[in-house]
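This structure is a prediction, so every number in the text was calculated from the model and none was measured. Order of the sequence lines sets the chain letters (A, B, ...), proteins ahead of strands, with each chain counted from 1.
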There are 2 protein chains.
Amino acid sequence: MVLARVILGLLDLSPMTGYEVKRHCDTTIKYFWQADKAQIYRTLSQLTADGLAAVETAPGVGGPARQVHHITERGREVLNDWLTSKLERQPERDAFLARLFFSGGLPESQVEELLAARRADAESLLAELEEMRRSLPDPPDRRARLRLATLDYGIAQVRTELDWLADV
Amino acid sequence: MVLARVILGLLDLSPMTGYEVKRHCDTTIKYFWQADKAQIYRTLSQLTADGLAAVETAPGVGGPARQVHHITERGREVLNDWLTSKLERQPERDAFLARLFFSGGLPESQVEELLAARRADAESLLAELEEMRRSLPDPPDRRARLRLATLDYGIAQVRTELDWLADV
DNA sequence: GCTAACTAGTAGACTTGTCCACTACTCCAG
DNA sequence: CTGGAGTAGTGGACAAGTCTACTAGTTAGC
């Protein structure tokens, strides 16, 4: 599954605990990958069992002991395989579009409410993404450039959404 | 879950069999909702068990008997509740962005391959959506207008993606 | 001294979705 | 007259993800 690869990707950037993986899913990579805590820990032990990651228990600094996960050589191979393998578009699933599509029976005002709510959402998301963008280092290295690019993708999509909302 | 509402939405447009629901998921609503056949049939019987849909067995015209599902009054209520309830953005999960994000260790050429593959994908998707758009009735009624709008959303997003790809 | 917040991780039930194989009927082409 | 494509539906195993609740340590505020 993809979550396993995403976690490998994170571990490749730097060794970390499940807790830190979760934090990344809630912050840095939130705009393209979110995951449940329980699922993260389970995937992490799966990776360890498969020899793609290795654990080391470190004493906690101001807190409980930490199980730091490192990526292994095998893990790096698997990650690379994934990154270079053929990618097919995943099945689209957009609950907002679904609602809009089926809103034909609703009074005009309620459709507008739906759109207004979506606009508010999109605006706050845009603000968040732009804030994130500002916080990125200015003379970007290779990795940061890719990170910037994915972020720009998100920003562009939300902007398009706002334009579209204005049109409808 | 959302699939149940989507199916209710389809049944609200016209009564249909599980097979036809599946066909919609593969054609008309494919660009915002895809679903597995087995899941559709299971959801359909769940809807029936909950009294949101009712089944009527009709003789098959050139084929096996058809179990036509209708939406019930209760079903219509539930659908309306869903359409007007507060909507929160669902967790984003984009495997392509994930790959790109973690491609920092790859040689330049492979990143470009990834982008090229994505471009090809986006182009064929755009062609498909535009084809779909052309096939829509020209003097649109209310429902068709909404359908057009959701489709335009998809088209706009893919166009943005292509622009972004050209930029990167 | 108590409590809340943050860090760190575990356990189990449950839901949703996917995959695969199967039955069964009709029509059409070769 | 046989096989494939399209229609219509079922069953079971399994994978992936969610939700809730729990333990346990540290730090900081009241």
Side-chain angles (χ1 to χ4, degrees), chain A residues 1-8 10-11 15-27 29-30 32-50 53 55-69 82 88-95 98, chain B residues 1-8 10-11 15-27 29-30 32-50 53 55-69 82 88-95 98:
Chain A
M1 15 135 211
V2 184
L3 177 59
R5 313 298 133 161
V6 169
I7 293 182
L8 275 184
L10 287 172
L11 295 184
M16 61 183 84
T17 64
Y19 191 82
E20 288 169 312
V21 169
K22 174 60 179 157
R23 206 163 45 200
H24 274 289
C25 289
D26 290 342
T27 55
I29 65 168
K30 172 170 165 224
F32 68 77
W33 209 270
Q34 269 160 271
D36 181 79
K37 194 171 75 157
Q39 192 66 13
I40 288 170
Y41 280 106
R42 236 172 314 157
T43 306
L44 228 27
S45 50
Q46 190 55 55
L47 288 174
T48 308
D50 293 348
V55 203
E56 228 171 86
T57 307
V61 277
R66 304 153 41 80
Q67 277 165 252
V68 181
H69 293 72
W82 178 62
E88 66 267 18
R89 274 196 111 84
Q90 61 212 100
E92 310 273 355
R93 242 164 231 173
D94 190 321
Chain B
M1 14 132 215
V2 184
L3 178 57
R5 313 299 132 160
V6 169
I7 293 182
L8 275 184
L10 287 172
L11 295 184
M16 62 182 83
T17 65
Y19 192 82
E20 287 169 312
V21 169
K22 175 59 179 157
R23 206 160 46 201
H24 274 290
C25 289
D26 290 342
T27 55
I29 66 168
K30 172 169 167 227
F32 69 77
W33 209 269
Q34 270 160 270
D36 181 79
K37 195 171 74 157
Q39 192 65 15
I40 289 169
Y41 280 108
R42 235 173 313 154
T43 306
L44 228 26
S45 50
Q46 189 57 54
L47 286 174
T48 309
D50 293 348
V55 204
E56 227 170 87
T57 306
V61 276
R66 304 152 41 80
Q67 277 165 251
V68 181
H69 293 73
W82 178 63
E88 67 266 18
R89 274 195 110 84
Q90 61 212 102
E92 310 273 355
R93 239 162 234 176
D94 190 322

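- Here the nucleotide nearest the side chain of B/Pro64, chosen from C/dC25, C/dA8, D/dA13, is C/dC25.
- Between A/Glu56 atom CD and C/dA8 atom P the separation is 16 Å, expressed in whole Å.
- The residue among A/Trp33 and B/Ala65 whose nearest nucleotide of DNA chain D is located toward the 5' end is B/Ala65.
- Among C/dC19, C/dT16, C/dA13, the nucleotide with an atom closest to any side-chain atom of B/Asp36 is C/dC19.
- A sub-4.0 Å separation between OP1 or OP2 of C/dT7 and a side-chain N or O of A/Arg23 is present.
- In terms of heavy atoms, B/Gly18 sits closest to B/Leu44 at CA-CD2, 3.4 Å.
- Per the geometry, CD belonging to B/Gln46 stands 14 Å off P belonging to D/dT10, to the nearest Å.
- Summarising the geometry, the separation between CD on A/Glu92 and P on C/dG17 is reported as 16 Å, rounded to the nearest angstrom.
- For the pair B/Tyr19 and D/dG9, the criterion of a side-chain N or O lying under 4.0 Å from OP1 or OP2 is not met.
- Separating the CD atom in A/Glu92 from the CD atom in B/Gln34 is a distance of 7.0 Å, to the nearest 0.5 Å.
- Residue B/Met1 contributes atom CE, which lies 16 Å from atom C1' of D/dA16 at whole-angstrom precision.
- In this model, the phosphate group of C/dC25 is not approached by any side-chain N or O of B/Arg66 to a distance below 4.0 Å at OP1 or OP2.
- Listed by chain and residue number, B/Glu161 satisfy the side chain to side chain donor-acceptor pair (under 3.5 Å) test with A/Arg89 (two or more places apart in sequence, or in another chain).
- Relative to the side chain of A/Lys37, the nucleotides D/dA8, C/dG9, C/dA8 differ in distance, and C/dG9 lies closest.
- Picking from C/dC20, D/dG17, D/dG9 the nucleotide with the shortest atom distance to the side chain of B/Ala38 gives C/dC20.
- For the OP1/OP2 pair of D/dG9 and a distance below 4.0 Å, the side-chain nitrogens and oxygens of B/Thr17 include at least one atom meeting the criterion.
- Across the protein-nucleic acid pair, A/Arg93 atom CZ and D/dA16 atom P stand 15 Å apart, rounded to whole Å.
- The backbone N or O of B/Ala4 sits nowhere less than 3.5 Å from a side-chain atom of B/Gln46 that would complete a donor-acceptor pair.
- Taking atom CD1 of B/Ile7 as the reference point, atom C1' of C/dT16 lies 13 Å away to the nearest angstrom.
- Applying the salt bridge (Lys or Arg N to Asp or Glu O under 4.0 Å) test to pairs two or more places apart or on separate chains, none has a residue in residues 38-48 of chain B.
- The nucleotide whose nearest atom lies closest to any side-chain atom of A/Gln39 is, among D/dA16, C/dG17, C/dC19, D/dA16.
- At whole-Å resolution of the value, CZ in A/Arg42 and P in D/dG17 are 10 Å apart.
- Of the side-chain N and O atoms in B/Tyr41, none sit less than 4.0 angstrom from OP1 or OP2 of D/dT10.
- Computed from coordinates, the A/Lys22 NZ to C/dA8 C1' distance equals 14 Å when rounded to whole Å.
- In this structure, of C/dG9, D/dG9, C/dA13, it is D/dG9 that holds the atom nearest to the side chain of B/Gln67.
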